[in-house]
Amino acid sequence: MKEVLFFGIILLIFVALSRSVFHFFVKIKNKFVFVFGTFLYFLSAYYLISAANKFNFYLREKGILLDLGHANILLIFILFICFIIAIINIVIIESKRRKRINRENK
């Protein structure tokens, strides 16, 4: 049960980050800033999982054990889900950006 809560909290944090990124990225007009921001967005997913891994080690030292599988496979699965969410979000953002830019150019 602790693992499900751990999983849910990490995904909730990433979805909240994704929502704020969405509102910021839709307003960007410069393509370079958008590509750089996308890179930082994917990097933030990686560092979120890294922080969760370090938190897991901290909990293990305190005697609270989370069964995340061999080699923390659950964290790898969460990272995969975060990347899928990020890809879907970037595609939606790009389509909204293009519509917005086309509307402003008319």
Would the distance check show the side chain of Asn53 and the main-chain N or O of Ile49 forming a donor-acceptor pair, the cut-off being under 3.5 Å? no
Side chain to side chain donor-acceptor pair (under 3.5 Å) pairs touching residues 42-52, sequence neighbours excluded, are none
Pair listing, side chain to side chain donor-acceptor pair (under 3.5 Å) test, anchored in residues 24-38, at least two apart: Lys29-Glu104, Lys31-Glu94
Is it true that Leu11 and Val4 fall in one hydrophobic cluster, defined by side-chain heavy atoms closer than 4.5 Å? no
For residues 75-87, which residue pairs pass the side chain to side chain donor-acceptor pair (under 3.5 Å) check, not counting sequence neighbours? none
ILVMFWY network linking Phe57 to Leu65, side-chain heavy atoms under 4.5 angstrom: no
Run the side chain to side chain contact (heavy atoms under 4.5 Å, CB included) check on Phe25 and Ile90 step by step: do they pass? CA-CA 9 Å; Phe25 277 12; Ile90 292 297; 4.0 Å; yes
Heavy-atom closest contact (Ala45 atom, Leu79 atom, distance): O-CD1, 3.8 Å
All side chain to side chain contact (heavy atoms under 4.5 Å, CB included) counterparts of Ile13, not counting sequence neighbours: Ile9, Leu48
Candidate pair Val21 and Leu40, rule side chain to side chain contact (heavy atoms under 4.5 Å, CB included), full reasoning: CA-CA 10 Å; Val21 164; Leu40 290 178; over 6 Å; no
Of all pairs that satisfy side chain to side chain donor-acceptor pair (under 3.5 Å), the ones with a partner from residues 82-91, not counting sequence neighbours: Tyr41-Asn89
How many angstroms lie between CG in Leu17 and CZ in Arg19, if you round to the nearest 0.5 Å? 12.5 Å
Which pairs, with at least one residue in residues 86-106 and sequence neighbours excluded, count as a ring pair (Phe, Tyr, Trp, His ring centres under 6.0 Å)? none
Going by side chain to side chain contact (heavy atoms under 4.5 Å, CB included), name the residues that satisfy it together with Phe77, two or more places apart in sequence or in a different chain. Phe7, Leu74, Ile81
Point-to-point distance, once rounded to the nearest 0.5 Å, from CZ of Phe80 to CD1 of Ile85: 11.0 Å
Can you tell me how far the CZ atom of Arg100 sits from the CD1 atom of Ile28, to the nearest 0.5 Å? 10.0 Å
Within the 4.5 Å heavy-atom criterion, are Ile10 and Leu75 side-chain neighbours or not? yes
Single-linkage hydrophobic cluster, 4.5 Å side-chain cutoff, Phe55 and Ile64 together: yes
Non-neighbouring partners of Ile92 that pass side chain to side chain contact (heavy atoms under 4.5 Å, CB included), sequence neighbours left out: Phe22, Ile88, Lys96
Pair listing, ring pair (Phe, Tyr, Trp, His ring centres under 6.0 Å) test, anchored in residues 81-106, at least two apart: Phe42-Phe83
Where do Ala86 and Phe14 come nearest, in terms of heavy atoms and distance? CB-CZ, 4.1 Å
The remaining residues in the hydrophobic cluster of Ile76, counting side-chain heavy-atom contacts under 4.5 Å among Ile, Leu, Val, Met, Phe, Trp and Tyr, are Ile73
Does the Lys NZ or Arg CZ of Arg97 fall within the cation-pi geometry relative to Phe34 - under 6.0 Å from the ring centre and within 45° of the axis? yes
Residue pairs passing the salt bridge (charged side-chain N to carboxylate O under 4.0 Å, His left out) test where at least one lies in residues 48-65, sequence neighbours excluded: none
Sequence neighbours left out, what passes side chain to side chain contact (heavy atoms under 4.5 Å, CB included) with Asp67? Give chain and number order. Glu3
